[in-house]
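One structure is given here, and the rest of the page talks about it.
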Amino acid sequence: MSIINAPRGVRDILPDESWKWEYLFKVTRDTARDFGYREIHLPVFEHTELFSRGVGETTDVVEKEMYTFEDRAGRSLTLRPELSASMVRSYLENRMDKWHQPAKLWSAGPMFRYERPQKGRYRQFWQIDFEAIGSQDPYVDVESIALSLEIFRRLGLSKLEVVVNSVGCPVCRPVHREALQDFLRPRLGDLCETCQGRFDRNPLRILDCKNPACRDITDEAPDTISCLCADCSEHFSSVRLGLDRIGAVVSIDKRLVRGLDYYTKTAYEVLSGDLGAQNAVCGGGRYDNLAESIGGPHTPGVGFAAGVERIVLTMEDQGCNFGEPPVLDVYVVSAEPSSRDESVALLYEIRKAGIAADIDYTGRSFKAQFKTAGGSGASFACVMGPDEIASGSVTVKNLGTGEQQQIARAELPRLLAELRSAKAGNQEGDLL
RNA sequence: GUGGGCGUAGCUCAAUUGGUUAGAGCGCUGGACUGUGGCUCCAGAGGUUGGGGGUUCAAUUCCCCUCGCUCACCCCA
């Protein structure tokens, strides 16, 4: 019988990597606070209709990527493929329209999409997600973009490309759709197969096809910006102006359309060159009709989601700093089996003082315990043996310098206090 | 769903036109040093060569199937 492996497309985040995630979440949390976003925890599964209606029936996500299952009562549920729909659902359900508007919320957690895995793409992947619901002010769009850029800046990422576009609204979209179809109709036969299929269902997506032939054809095609209604046009100028004012460097990409149906007006992406084909590390935009599509009143909103795995990959490629991995402060070494009970007592005394400490549980030799101590990254080894027990002392060795001294057990609290303050100040104390 | 590449020790990789006991480095364990880690030296453990079938006197090597990983298309985080 062979061992059971993890299912395809999922992976374990082992300790050597998880501390980097911790750093990313800390930066995220701090930045969220600085921008006035509050954290919300949302369920990992929802009613299937939330996504099919919210995200859009004809999107790839809904058509072929959802993890959908029936629960024991026959309800159709789906593991969330994204977070905006849940955010808006929670906004409506919890009457956040009665809060001060917009409600600014953020969340982090795993999303699920059934796709062939490849670099930077997994079936379970983490996103950090920020949404501002209840305002149509262009400055909220600006803030959303600025917030994502600030997180990346604080993480030390550079060489990121920010692309922005406006995809219009229900007023101007049909106008553009028709103009686009009129333009493409004579050359329909020259488009790639998938684009021919898109022509009736979702012609907008033909604009971001990567097929060279399609690109040639669409180079001169009418873009969304040229067809914007007065309202959307003004909104888009305000967003661009606002981005200018806060010094955000972005470029306009007329081909950017995004794959989810709910986007209106502003759409944007942040791209990384270090990710291979999956180059989007962050995507977002405005979705003024999402609330209505899931049964609520008209409620404007804007937000973005960023992929945690992709951010970490990019940070690693760019040699970014992740802070310090967690290490032990003290490793307790028992000189002889007879002194083990006293060693364990010492271990808990140290831990109680808030110092990270560990001990050997495999019955290794004195020498081998020291080897473990050295490899553990601990700053100090505390030795407890017959001599120490007899004299009521403990031997403390600085594993960095090799110096050691035997101190009275009564002095240990003072030493631990020093250790703790050195830890808090994150600097070398005068220890030994 | 469709293509390409790759599966040998915990990790990174060797192994002649197919050739007999599948090796090395790192890591791990023990020892040299019986109360002291890192450096050095010595020793040891650890492999159904992803799995199954076929060709052959002989398969890690060639063929087929299958599973897995990976990259790309598609789409996106």
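Naming: A, B, ... by sequence-line order, numbering from 1 per chain. These values consider heavy atoms only, across backbone and side chains, with no hydrogens, waters or symmetry-generated copies. Note that this is a predicted model, so its numbers are computed, not measured.
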Rounding to the closest angstrom, what is the interatomic distance between rU12(B) and rC69(B) at atom P?
-> 15 Å
Same-atom distance (C1') from rG23(B) to rG46(B), integer angstrom | 14 Å
When all nucleic acid strands are considered with a 4.0 Å heavy-atom cut-off, which category describes Tyr331(A): base, sugar-phosphate, or nothing?
-> nothing
Nearest to side-chain heavy atoms of [X], which nucleotide of [options]:
{"X": "Arg121(A)", "options": "rC73(B), rG37(B), rC69(B)", "result": "rC73(B)"}
{"X": "Ala277(A)", "options": "rC74(B), rA72(B), rG37(B)", "result": "rA72(B)"}
{"X": "Gln278(A)", "options": "rU36(B), rC73(B), rG38(B)", "result": "rC73(B)"}
{"X": "Arg116(A)", "options": "rU2(B), rG38(B), rG35(B)", "result": "rU2(B)"}

Verify stack between Trp126(A) ring and rA77(B) base, 5.5 Å, 30 degrees | no
Between Lys367(A) and rG37(B), is there a side-chain N or O to OP1/OP2 distance below 4.0 Å?
-> yes
Quickly work out the Glu342(A) CD to rG35(B) P distance and round it to whole Å.
-> 19 Å
Between P of rU36(B) and CZ of Phe380(A), the distance in whole Å | 20 Å
With a 3.5 Å cut-off and just heavy-atom distances, do the side chain of Glu115(A) and the base of rA77(B) make a donor-acceptor pair?
-> yes
Tyr262(A) and Tyr287(A) aromatic ring geometry - parallel, tilted or perpendicular at 30°/60° bounds = perpendicular
